[in-house]
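First the structure, in the form of structure tokens, and then the observations on it.
Protein chains get the first letters and strands the later ones, always in sequence-line order, with residue 1 at the start of each.
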Amino acid sequence: MLDIKFIREQAEFVKDSLAKRHMETDVIDSVIALDEKRRELILDVESKKAERNAVSKEIGRMKDKESRESKISAMRNLGDNIAALDEELKTVEAELFDALAGIPNIPDADVPIGLDDKDNVVIRTVGEKISFDFEPKAHWDLGPALGILDFDAGVKLAGTRFYVLEGAGARLQRALIFWMLDLHIRQGYREFYPPWMVREEVMFASGQLPKFADNLYHDHQEDFWWVPTAEVPLTGIMMGEVIEEAELPMNLTSYTACFRREKMSAGRDVRGMKRGHQFDKVEMYKYCKPENASQELDNMVADAAKTCEELGLTYRVLLQSTGDLSFGSHKTYDIEVWAPGCQEWLEVSSISNIGQFQARRANIKYRPADGSALQFVNTLNGSGLGLPRTMIAVMENYQQADGSIVVPEVLKPFMGGIEVIR
RNA sequence: GGAGGGAUGGCCGAGCGGCCGAAGGCGCCUGUCUUGAAAACAGGUAUAGGGAAACCUAUCGUGGGUUCGAAUCCCACUUCCUCCGCCA
């Protein structure tokens with residue numbers, strides 16, 4: 001959510017930013033009109049309240065019954081007037097809030113302008129695409145052949161876009177989770193295990209609601225929303241809090257399953273385990289001061305990249321264009337790993353500086369050490385990494401001619417002595 | 001699921017429908033004193049919105065209601081605690 005004062009003062013700049021995202025800019029004009037209406041009403045209703053407060057105090061001290069009665073009836077009328085104005089103000093504020101909640105974040109100045117993900121800019125590529133002296137297989141052939149990945153069972157249990165990992169496959173994923181969490185702890189993150197279902201207000205705070213309700217699973221009998229990413233509870237955990245400056249930056253990491261309806265992308269990526277309704281992810285998250293956010297974004301990209309490096313995967317870092325930038329993001333890098341079987345760069349991580357966009361929705365501030373006024377923190381989030389695609393990359397990169405899969409060096413301690421899955 | 005008791009500032013804790021944005025204490029900040037510190041003493045110390053400013057408005061878990069006026073009365077909800085039941 002953007003600051004209404006900022007919009008008021010920098011209307012043209014905000015419009016330009018919307019235009020970069022290929023959005024209509026009319027909403028800014030209506031927001032400014034609503035804001036003016038709102039301030040008019042506040043001026044009016046608050047002066048009336050001031051009068052009522054003053055007269056009510058007088059009434060409390062008055063002895064003369066008649067003039068007392070006349071004041072009371074005058075205040076009764078004023079009270080009705082105030083109630084009507086309050087009602088009107090409430091309506092205007094709700095409209096303003098809804099309008100503001102629908103405006104995306106301002107892209108950072110160095111975000112390339114583009115239409116979609118094709119305009120994302122490759123910043124660097126690390127490693128060479130692996131070459132084999134045989135024809136590499138895709139994971140959807142490798143996995144079932146080894147008996148570690150079962151698409152039919154997933155469909156039987158839950159339908160399309162579900163699969164079952166078993167044996168060394170399930171264990172490999174668990175090893176990745178353990179190893180990633182340990183790595184992030186070494187990198188200075190604190191591990192959290194949050195609820196995987198949250199209240200509606202938490203979904204709103206992190207920016208998923210109201211806009212993306214269609215992509216979420218929701219229990220209609222209780223106020224429970226299944227998290228689409230650990231970013232949601234990791235934002236919510238500090239909702240409404242004031243953090244001491246000395247505590248910043250706060251680095252958090254969490255493993256959760258993620259649940260997504262993926263309604264928008266029906267028909268895309270249907271094959272394999274690339275895109276499912278349920279997937280596991282290890283997430284990194286930061287609360288920091290605004291002036292450090294840019295540096296912390298770079299740090300987080302480096303932390304995620306380290307994960308790919310230690311796994312021995314070829315990867316590239318991309319800067320998202322304005323056409324691909326998600327609703328709440330100020331600036332986002334993607335990390336993609338090369339999957340030689342399905343011949344694809346797979347997005348395993350998306351690392352974003354959200355600025356104060358979420359903090360404003362979630363009301364998360366910090367208290368500067370010098371005692372000056374409270375400030376909104378900045379928040380950052382990034383996958384470290386998404387498990388299914390990491391699994392794909394590991395399976396396809398570490399495959400051997402006979403269809404077996406070598407366990408990456410860093411995962412061996414977690415595999416109970418299994419060095420090759422066969 | 002049933003019964004009962006709570007929720008007040010950074011923390012603890014008072015609070016009769018009006019003089020309560022809220023006593024008192026602790027903590028913190030500033031000053032006096034001191035070579036320095038401690039102690040003592042004095043003053044200050046919530047958040048948000050509006051306003052050029054003076055200042056005004058709102059907030060005592062949340063949302064409604066009663067009233068000229070609500071921390072205080074009424075209703076609903078959230079949450080914590082105690083007891084009973086159920087349960088991995």
Side-chain angles (χ1 to χ4, degrees), chain A residues 1-9 31-101 193-205 209 219-225 233 236-248 250 257 287 356-377:
Chain A
M1 182 123 69
L2 298 180
D3 182 5
I4 182 61
K5 281 185 192 160
F6 178 75
I7 295 177
R8 198 191 293 154
E9 286 157 18
V31 155
I32 287 172
L34 281 168
D35 178 48
E36 269 169 33
K37 179 75 183 160
R38 166 180 155 268
R39 285 185 295 155
E40 266 172 42
L41 283 166
I42 286 174
L43 227 48
D44 191 12
V45 73
E46 289 196 348
S47 70
K48 289 192 163 81
K49 282 181 181 175
E51 185 189 348
R52 181 177 66 181
N53 286 348
V55 175
S56 288
K57 275 184 188 174
E58 256 182 67
I59 290 171
R61 289 191 298 263
M62 284 172 82
K63 299 276 183 280
D64 181 66
K65 202 163 184 183
E66 242 170 66
S67 50
R68 191 182 152 99
E69 285 306 319
S70 90
K71 291 274 191 197
I72 286 180
S73 95
M75 285 309 103
R76 191 173 295 145
N77 288 335
L78 186 62
D80 291 345
N81 196 212
I82 289 172
L85 286 171
D86 261 340
E87 202 58 42
E88 198 182 342
L89 179 60
K90 220 161 116 181
T91 308
V92 169
E93 284 187 327
E95 281 173 30
L96 179 60
F97 185 85
D98 288 348
L100 283 174
Y193 175 84
W196 292 5
M197 294 184 277
V198 299
R199 303 169 186 279
E200 184 173 335
E201 60 178 308
V202 178
M203 279 297 179
F204 176 83
L209 289 177
D219 181 333
H220 288 269
Q221 291 177 316
E222 310 274 351
D223 179 21
F224 283 140
W225 295 75
I237 208 157
M238 294 307 289
M239 208 164 63
E241 305 280 337
V242 176
I243 305 169
E244 297 300 325
E245 183 178 349
E247 308 271 331
L248 298 174
M250 283 174 60
Y287 294 96
Q356 56 171 225
F357 192 82
Q358 268 174 346
R360 202 170 271 285
R361 286 178 168 239
N363 190 26
I364 305 169
K365 298 186 169 179
Y366 74 97
R367 187 185 310 281
D370 65 9
S372 56
L374 303 186
Q375 304 279 330
F376 286 108
V377 298

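Applying the Watson-Crick and G-U wobble criteria (two distances, each under 3.5 Å), B/C28 pairs with B/G44. The nucleotide B/C33 finds no pairing partner, because no Watson-Crick or G-U wobble arrangement with both distances shorter than 3.5 Å includes it.
Annotation: B/U32 and B/G51 have their C1' atoms spaced 38 Å apart (nearest Å). Taking the C1' atom of each, B/A7 and B/G63 are spaced 16 Å apart, rounded to whole Å. Comparing B/A48 with B/G10, their P atoms are spaced 11 Å from each other, to the whole Å. For the C1' atoms, the distance linking B/C33 with B/A37 amounts to 12 Å, nearest Å. When the P atom is compared between B/U57 and B/G2, the two are found 44 Å apart, to the nearest whole Å. For B/G1 and B/G27, the C1' atoms lie 44 Å apart once the distance is rounded to whole Å. Rounded to whole Å, the separation between the C1' atoms of B/A71 and B/G15 comes to 8 Å. On the C1' atoms, B/C55 is 27 Å away from B/U67, given to the nearest whole Å.
With hydrogens and angles disregarded, a donor-acceptor distance shorter than 3.5 Å links the side chain of A/Arg361 to the backbone of A/Ala101. Using modelled atom types, no side-chain atom of A/Arg360 and backbone atom of A/Leu2 make a donor-acceptor pair closer than 3.5 Å. The closest donor-acceptor contact from the side chain of A/Arg38 to the backbone of A/Leu89 lies at 3.5 Å or more, if one exists at all. The backbone N or O of A/Ser67 sits less than 3.5 Å from a side-chain atom of A/Ser70, completing a donor-acceptor pair.
Between A/Phe376 and A/Phe6, the ring centre distance reaches or exceeds 6.0 Å.
The CG atom of A/Asp86 sits 10 Å away from the P atom of B/G64 (whole-angstrom rounding). We find that CE of A/Met239 is positioned 14 Å from C1' of B/G61, with the value rounded to whole Å.
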Per-nucleotide protein contact string for nucleotides 45-57 of chain B (B base, S sugar-phosphate only, - none; heavy atom under 4.0 Å):
--SSBSS----BB
side-chain contact (heavy atoms from CB on, under 4.5 Å) between A/Asn363 and A/Met239: does it pass, once the steps are laid out?
CA-CA 6 Å; A/Asn363 190 26; A/Met239 208 164 63; over 6 Å; no
Using a cutoff of under 3.5 Å, can you pull out all pairs of nitrogen or oxygen atoms linking the protein to nucleotides 66-68 of chain B, with atom names and distances?
{"unit_1": "B/C68", "atom_1": "OP1", "unit_2": "A/Arg76", "atom_2": "NE", "d": "3.1"}
{"unit_1": "B/C68", "atom_1": "OP1", "unit_2": "A/Arg76", "atom_2": "NH2", "d": "2.4"}
{"unit_1": "B/C68", "atom_1": "O4'", "unit_2": "A/Ile72", "atom_2": "O", "d": "3.4"}
{"unit_1": "B/C68", "atom_1": "O2'", "unit_2": "A/Ser56", "atom_2": "OG", "d": "3.2"}

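Ion pairing between A/Arg39 and A/Asp35 holds under the 4.0 Å rule for side-chain N and carboxylate O. The pair A/Lys90-A/Asp86 does not meet the salt-bridge criterion, since no charged nitrogen lies less than 4.0 angstrom from a carboxylate oxygen.
As judged by a 4.0 angstrom heavy-atom cut-off over every strand, A/Lys90 is placed among residues touching the sugar-phosphate backbone only.
Taking the side chain as every heavy atom from C-beta outward, A/Asn81 and A/Asn77 never approach each other to under 4.5 Å.
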